[in-house]
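Just so it is clear, the model here is predicted, and its values are computed rather than measured.
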Amino acid sequence: MQVKSILKLGTVAALTTVALAACGTTSSSTGQAKNQTLNWMESSALPTMDNSLATDVVSGETLNNTGEGLLKFGKNSSTHPGVAKSYTKSKDGKTYTFNLRKSKWSNGDKVTAKDFVYGWQRTVNPKTGSQYAYLYADVKNANAIMNGKKAVSTLGIKALGDYKVQVSLIHPVNYFPTLVAQTAFFPQNERVVEKYGKKYATNAQNNVYNGAFKLTYWTGTSDNWTLSKNSKYWNAKAVKLQHIKFSAVKDPQTALSQYQSGKLDAIYLSGQQPKNYKNSKEYHARNSSRVAYLELNEKKDSMMRNVKARQALSLILNRKQFVNKVLDNGSKVANGIVTAGLAVRDGKDFAAEASIPAATEHNVAKAKKLWNEALKETGRKSYSLTLMADDTAEGKSTTEYVQSQWSKLPNFKVTNSNLPYKTRLARSASGQFDAVVTLWGADFPDPITDLSLFTSDNSYNNGKWSNKTYDKLIKEATTTNANKPAARWQNMIDAQKVLLKDQGIIPVYQSGKPQLMKSKVKGIVYFPVSSNWDFSKAYIGK
């Protein structure tokens with residue numbers, strides 16, 4: 001199944017009452033296998049099940065299937081009913097009122113408006129330490145709360161009784177419905193969170209779930225975890241799968257062997273595997289809004305603060321050779337942080353409009369010249385660093401290739417460090433790195449989901465690159481010009497060009513997701529935006 005996610009930006013509706021139509025395919029009981037268990041591969045272990053703290057694809061995928069927000073994503077990243085069965089938007093676009101259906105948590109508690117108020121307040125509370133809190137920036141008082149200037153109780157969300165939620169924004173946000181479909185906006189059961197305290201969401205039992213499935217096995221450190229059908233889910237009758245068994249398999253050959261022996265129903269391919277299986281009926285080339293880029297720790301030493309050094313590290317890379325000869329898995333050269341196909345306006349793709357060819361070209365002679373100048377300007381005769389990445393097959397391929405290219409620069413030594421996913425995330429967040437391969441998937445179909453990462457105060461700006469012009473452009477796009485489509489679009493184009501010209505990051509590739517999936521697996525919905533999956537309508541055919 002190949003799905004493209006393209007949303008024309010800049011449209012803000014007038015007063016509307018949105019009746020949300022369900023989407024996705026259903027199946028009759030005929031044609032279904034007796035054993036409704038899906039065996040699914042992940043490339044890394046599950047880091048967390050706290051939706052206030054989750055930042056990664058694996059956690060997001062599991063949370064997306066065990067929890068549910070006001071709205072849910074459907075095909076083509078459209079939104080449809082979640083806990084909210086309908087909503088209204090005010091004429092000025094700044095007030096949303098969501099009408100909730102009667103639903104329950106997996107422990108039998110009612111899911112009420114207060115659960116959304118508590119969950120949202122907990123996420124923006126600076127004591128929680130959520131890296132995704134910045135997504136709330138457009139909600140009234142969120143920024144003041146995150147900066148410790150106002151109480152969490154002042155956040156622009158109210159419970160109007162048990163089954164009505166009212167949200168107040170500081171200005172219109174045309175993509176707000178796609179925000180509330182994110183896991184960071186899911187409800188949280190205050191009684192359960194308080195009961196378990198620091199142990200909340202650290203294993204399968206210390207949590208409750210309001211989604212189509214509940215987590216029934218996960219120790220918090222295990223490489224395997226299991227979802228089971230949630231009988232308390234409001235639409236449980238439509239859920240066909242009884243269990244989803246996830247296995248973190250890092251070695252591609254091991255994964256392939258398990259797929260061939262029937263132990264896994266779907267696997268991701270890497271190395272030579274995509275070439276070998278691209279003619280198979282079970283092969284799927286998934287699009288992705290995920291980009292891999294290099295972050296350089298500018299806080300750590302002056303070399304990485306030198307723009308010539310950063311430009312040299314980018315220019316020495318032959319991205320075309322890497323994606324075509326090394327990865328060869330459907331990945332494409334990244335021209336920036338915003339991926340191709342994510343956002344289109346007036347027929348023009350943002351990624352193309354906001355690119356600077358010189359920032360991603362391959363020019364060995366120029367790279368060496370700039371590197372020598374950077375060494376001289378920083379008073380060095382030589383330089384060394386450690387390049388960090390995941391210990392996956394793709395992570396290792398990336399570090400090996402980048403190391404081989406960077407080593408062409410004079411008087412430069414590169415050491416690779418490939419770490420477990422969870423460890424790499426933690427070290428990136430705490431600034432314990434010299435250079436790191438970061439993979440980021442867009443959370444919603446708008447360039448701001450990627451561009452906002454690199455403002456000076458964003459918690460995801462691990463390299464600590466800072467540029468006042470960039471900050472100003474992003475602020476204008478999210479405030480002054482938030483309801484001016486053309487001006488906002490131009491703000492974002494200009495911002496990406498500033499980021500690329502200054503080489504605040506080094507874009508490398510837009511991920512492809514080649515996959516083998518058994519033909520008996522039916523009804524799964526894949527979202528290129530956030531590279532996520534919805535198993536709620538899936539089933540195992542005969």
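A heavy-atom distance below 4.5 Å is found between the side chains of Pro47 and Tyr421. Put simply, the side chain of Val333 does not reach to within 4.5 Å of the side chain of Tyr509, judged on heavy atoms. Side-chain contact between Thr398 and Phe322 is present, with heavy atoms from C-beta onward closer than 4.5 Å. Using a 4.5 Å heavy-atom threshold, the side chains of Gln182 and Phe73 count as touching. In this structure, Thr95 and Val167 have side chains that are not in contact, with every pair of non-hydrogen atoms separated by 4.5 Å or more. Side-chain atoms of Leu453 and Asn461, non-hydrogen and from C-beta on, never get closer than 4.5 Å to each other. Contact check for Asn418 versus Thr399: side-chain heavy atoms found under the 4.5 Å cut-off. By the 4.5 Å heavy-atom criterion applied to side chains, Val58 and Glu61 are not counted as neighbours.
By the ring-ring contact (aromatic ring centres under 6.0 Å, His included) test, Trp120 pairs with Tyr136, Phe185, sequence neighbours left out. Listed by chain and residue number, Trp489 satisfy the ring-ring contact (aromatic ring centres under 6.0 Å, His included) test with Phe350 (two or more places apart in sequence, or in another chain). Applying the ring-ring contact (aromatic ring centres under 6.0 Å, His included) rule to Tyr460 yields the partners Tyr132, Tyr134, Trp440; only residues at least two apart in sequence or on another chain are considered. In this view, Asn363 satisfies the side-chain hydrogen bond (donor to acceptor under 3.5 Å, both in side chains) rule with no residue, not counting sequence neighbours. Residues that satisfy the side-chain hydrogen bond (donor to acceptor under 3.5 Å, both in side chains) test with Gln496, not counting sequence neighbours, are absent from this structure.
Between Asp502 and Arg310 a salt bridge is recorded (basic side-chain N to carboxylate O distance below 4.0 Å). A salt bridge between Lys422 and Asp56 is absent, with no side-chain N of the basic residue lying under 4.0 Å from a carboxylate O of the acidic one. With salt bridges taken as basic N to acidic carboxylate O contacts below 4.0 Å, none links Glu298 and Arg305. Looking at Lys396 and Glu400, no side-chain N of the basic residue comes within less than 4.0 Å of a carboxylate O on the acidic one, giving no salt bridge.
A side-chain donor from one of Gln432 and Ser430 sits under 3.5 Å from a side-chain acceptor of the other. For Thr455 and Asp457, the side-chain atoms include at least one donor-acceptor pair closer than 3.5 Å. Of the N and O atoms on the side chains of Thr128 and Asn125, not one donor lies less than 3.5 Å from an acceptor on the other residue. Gln321 and Tyr401 share a donor-acceptor pair across their side chains, judged by distance under 3.5 Å alone. Of the N and O atoms on the side chains of Glu295 and Thr438, at least one donor lies less than 3.5 Å from an acceptor on the other residue. Residues Arg424 and Ser417 have side chains that never bring a donor and an acceptor to within less than 3.5 angstrom of each other. Donor-acceptor pairing under 3.5 Å is recorded for the side chains of Ser314 and Arg319. Side-chain N/O atoms of Ser428 and Asn462 include no donor and acceptor closer than 3.5 Å. Between the side chains of Ser288 and Ser511, not a single donor N or O lies within less than 3.5 Å of an accepting N or O. No hydrogens or angles considered: nothing links the side chains of Asn297 and Asp434 as a donor-acceptor pair under 3.5 Å. A donor-acceptor contact closer than 3.5 angstrom links the side chains of Asn416 and Gln403. At a cut-off of 3.5 Å, with distance as the only test, a side-chain donor of Asp494 or Gln490 sits close to an acceptor on the other residue. Between the side chains of Ser331 and Asn329, at least one donor N or O lies within less than 3.5 Å of an accepting N or O. Arg122 and Ser52 are linked by a side-chain donor-acceptor pair at a separation below 3.5 angstrom, with hydrogens and angles left out of the test.
Note: Tyr470 and Trp465 meet the aromatic proximity criterion, with ring centroids under 6.0 Å apart.
No more than 12 heavy atoms of other residues, nucleotides or ligands sit less than 6.0 Å from atom NZ of Lys368.
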Table please: side-chain donor-acceptor pairs of residues 382-389 below 3.5 Å, with sequence neighbours left out.
from, atom 1, to, atom 2, distance (Å)
Tyr383, OH, Asp301, OD1, 3.4
Tyr383, OH, Asp301, OD2, 2.9

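Between Phe246 and Trp225, the angle of the ring planes stays under 30°, which puts this pair in the parallel group of the 30/60° scheme.
With Phe444 as the partner, the side chain to side chain contact (heavy atoms under 4.5 Å, CB included) test is satisfied by one option alone out of Thr449, Thr79, Leu342: Thr449.
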